[in-house]
K.L.:
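Below is one structure. I have some questions about it.
Only heavy atoms go into these numbers, but all of them, side chains included; no hydrogens, no water, no symmetry mates.
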Amino acid sequence: MLAAFEAKDGFAAALTIEGVVFVAFSLSYSLRGYSKKGRNRFFTKGGLGWLTVVVIATVALAGVFDWIAIFSKPHQPHGFREKWEAYALLGGVIAQPILAAFIATQVPD
């Protein structure tokens, strides 16, 4: 079985899904705004936003597992450039759920 090949595919999928869900997260907070018909408490209290934070964090965790599979022995990055690229990818995966949670805590009820 080609675990590294599957991990690369999974990593690309995780990054794509995480980005799309982050867009959904942004839209969920726009649903909190005023409406002539009123809003459901689920939206006004940020329930959908926090639900998408959980989804983003779950997908990010899958991305971290795939990152470990790709960049662990014997495929460890060598040299400054390879290490920079590898850890920049990891930082990008981890940053989205942290940023989403930060935004969710800053939005007033």
K.L.:
Taking salt bridge (charged side-chain N to carboxylate O under 4.0 Å, His left out) as the test, write out the residues that go with E85, two or more places apart.
P.N.:
R81

K.L.:
Please identify each residue that fulfils side chain to side chain contact (heavy atoms under 4.5 Å, CB included) with I94, with sequence neighbours left out.
P.N.:
V64, L90, I98

K.L.:
Specify the closest pair of heavy atoms between P97 and A57, including all atoms of both residues, with the distance to one decimal.
P.N.:
CB-CA, 3.8 Å

K.L.:
So, using side chain to side chain contact (heavy atoms under 4.5 Å, CB included) as the criterion, who are the partners of A62 when residues are at least two apart?
P.N.:
none

K.L.:
Whether the side chain of Q76 engages the backbone of S72 through a donor-acceptor N/O pair (distance < 3.5 Å, no angle test) should be reported.
P.N.:
no

K.L.:
Provide the closest heavy-atom pair for W50 versus A101 in the form atom of the first, atom of the second, distance.
P.N.:
CH2-O, 3.8 Å

K.L.:
Rounded to the nearest 0.5 Å, what's the gap from CG on L61 to CH2 on W67? Could you check?
P.N.:
14.0 Å

K.L.:
Do I56 and L99 land in one hydrophobic cluster if side-chain heavy atoms of ILVMFWY residues count as linked below 4.5 Å?
P.N.:
yes

K.L.:
Any chance you could lay out the side chain to side chain contact (heavy atoms under 4.5 Å, CB included) test for L89 and V93, step after step, and finish with the verdict?
P.N.:
CA-CA 6 Å; L89 286 172; V93 170; 5.7 Å; no

K.L.:
Hydrophobic cluster membership, with links at side-chain heavy-atom distances under 4.5 Å among I/L/V/M/F/W/Y: are Y87 and I70 in one?
P.N.:
yes

